[in-house]
Amino acid sequence: MQTPTRWILVAALATPSLLLLAAASGAAPDGKKLFTEKGCVACHAVDAPSVGPGPELTQVGYQRDAAWLRTWLADPQKVKPGTQMPKLPLKPDEADAIIAYLLAARRPIPAADSTSGEKLFSDYQCNACHRVHGKGGKPQFPDLAQESKDHDAAFLERWLQNPSAVKPGTFMARFPLTASQRHALVEYITSINIRK
């Protein structure tokens with residue numbers, strides 16, 4: 001017959017493992033809920049225009065991957081000195097949940113839109129950051145009406161192909177554009193002042 005003391009010792013040794021197992025099988029944090037609870041909605045929005053200083057993030061998954069977003073959330077000032085984005089007190093699993101929520105929010109770009117720069121501009125939500133004649137976008141990003149005056153089509157083509165190669169350290173992301181999509185966007189941007 002085993003003594004009760006022995007069973008108490010076995011139970012005490014097993015308890016940490018059981019607690020870890022229970023924690024591991026627990027539900028992951030809800031990224032959408034955290035997006036609100038952590039105050040992200042004060043500056044950003046998903047699937048609606050943002051009312052704060054930050055851009056709408058519905059299509060951010062086309063611009064940034066999970067690793068970049070994790071680095072950004074950990075220390076925005078390190079990535080972009082002077083940014084208004086604060087460093088949020090997020091646990092790693094909370095950051096991962098918010099990132100998963102943002103990446104899942106991304107809407108597909110219809111193949112049929114590849115020849116229309118104006119439609120692609122809307123699909124990729126370029127106006128989440130960029131204004132056109134002072135409308136939309138955010139003031140910390142260039143107005144594309146001015147960019148279309150300052151730069152020719154060849155420059156814009158190079159820029160959209162790889163912004164960092166044109167301007168090292170730029171905050172502008174590299175979008176997954178095909179050559180025809182890039183050409184259509186350049187045609188649209190260069191026509192902005194004609195369409196005014």
Side-chain angles (χ1 to χ4, degrees), residues 35 38-88 98-99 101-103 105-107 109 113 116-177 181-196:
F35 191 80
K38 295 295 181 176
C40 306
V41 293
C43 296
H44 300 283
V46 174
D47 211 24
S50 67
V51 294
E56 180 180 347
L57 298 176
T58 309
Q59 298 293 58
V60 74
Y62 284 109
Q63 306 166 37
R64 311 295 188 186
D65 61 15
W68 189 96
L69 290 169
R70 198 169 292 111
T71 301
W72 173 254
L73 288 175
D75 193 351
Q77 290 293 330
K78 188 174 180 181
V79 177
K80 187 181 182 193
T83 182
Q84 294 179 347
M85 173 80 177
K87 185 174 181 178
L88 300 173
I98 290 171
I99 291 166
Y101 165 61
L102 293 176
L103 295 178
R106 183 176 78 175
R107 294 191 301 258
I109 307 296
D113 294 354
S116 169
E118 187 170 9
K119 190 70 175 84
L120 288 168
F121 187 85
S122 173
D123 289 345
Y124 281 110
Q125 289 188 328
C126 302
N127 65 342
C129 292
H130 293 287
R131 294 163 289 146
V132 175
H133 296 296
K135 294 178 184 172
K138 299 296 173 183
Q140 67 266 35
F141 301 107
D143 188 314
L144 294 184
Q146 187 60 46
E147 292 297 303
S148 69
K149 289 179 185 176
D150 294 345
H151 302 291
D152 64 11
F155 174 90
L156 293 171
E157 184 83 28
R158 288 192 312 276
W159 178 258
L160 288 176
Q161 186 170 12
N162 189 353
S164 293
V166 177
K167 184 181 177 186
T170 183
F171 193 69
M172 172 77 177
R174 185 175 184 178
F175 283 74
L177 300 169
Q181 288 176 325
R182 207 167 42 247
H183 182 71
L185 274 168
V186 168
E187 280 190 342
Y188 170 66
I189 293 167
T190 56
S191 74
I192 285 173
N193 286 305
I194 299 168
R195 295 170 179 239
K196 186 177 177 184

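Nothing fancy with the numbering, it's 1 onward along the sequence.
Checked against the 6.0 Å centroid criterion, the rings of Phe121 and Tyr188 qualify as a close aromatic pair.
Considering Met172, His151, Arg182 as possible partners of Trp159, the one that fulfils the side chain to side chain contact (heavy atoms under 4.5 Å, CB included) test is Met172.
The environment of His183 atom NE2 is sparse: at most 12 non-hydrogen atoms of other residues, nucleotides or ligands sit within 6.0 angstrom.
The closest side-chain heavy-atom distance from Phe141 to Arg131 is not below 4.5 Å. The closest side-chain heavy-atom distance from Leu69 to Leu103 is below 4.5 Å. Taking 4.5 Å as the limit, every side-chain heavy atom of Gln63 sits out of range of all side-chain heavy atoms of Tyr124. Contact of the Leu160 side chain with the Val186 side chain is registered, since non-hydrogen atoms from C-beta on lie closer than 4.5 Å. Considering only heavy atoms from C-beta on, Val79 stays 4.5 Å or farther from Met85 through its side chain.
Applying the side-chain hydrogen bond (donor to acceptor under 3.5 Å, both in side chains) test to residues at least two apart or on different chains, the pairs with a partner in residues 67-88 are Arg70-Asp96.
To the nearest 0.5 Å, atoms CG (Asp47) and OG1 (Thr58) are separated by 5.0 Å. The CD atom of Gln125 sits 13.0 Å away from atom CG of Leu120, with the distance rounded to the nearest 0.5 Å.
Salt bridge status for Asp123 with Arg107: absent, with no side-chain N to carboxylate O gap under 4.0 Å.
At least one donor-acceptor pair closer than 3.5 Å links the side chain of Glu56 to the backbone N or O of Ala48. For Ser148 (side chain) and Ala145 (main-chain N/O), a donor-acceptor pair under 3.5 Å exists by modelled atom type.
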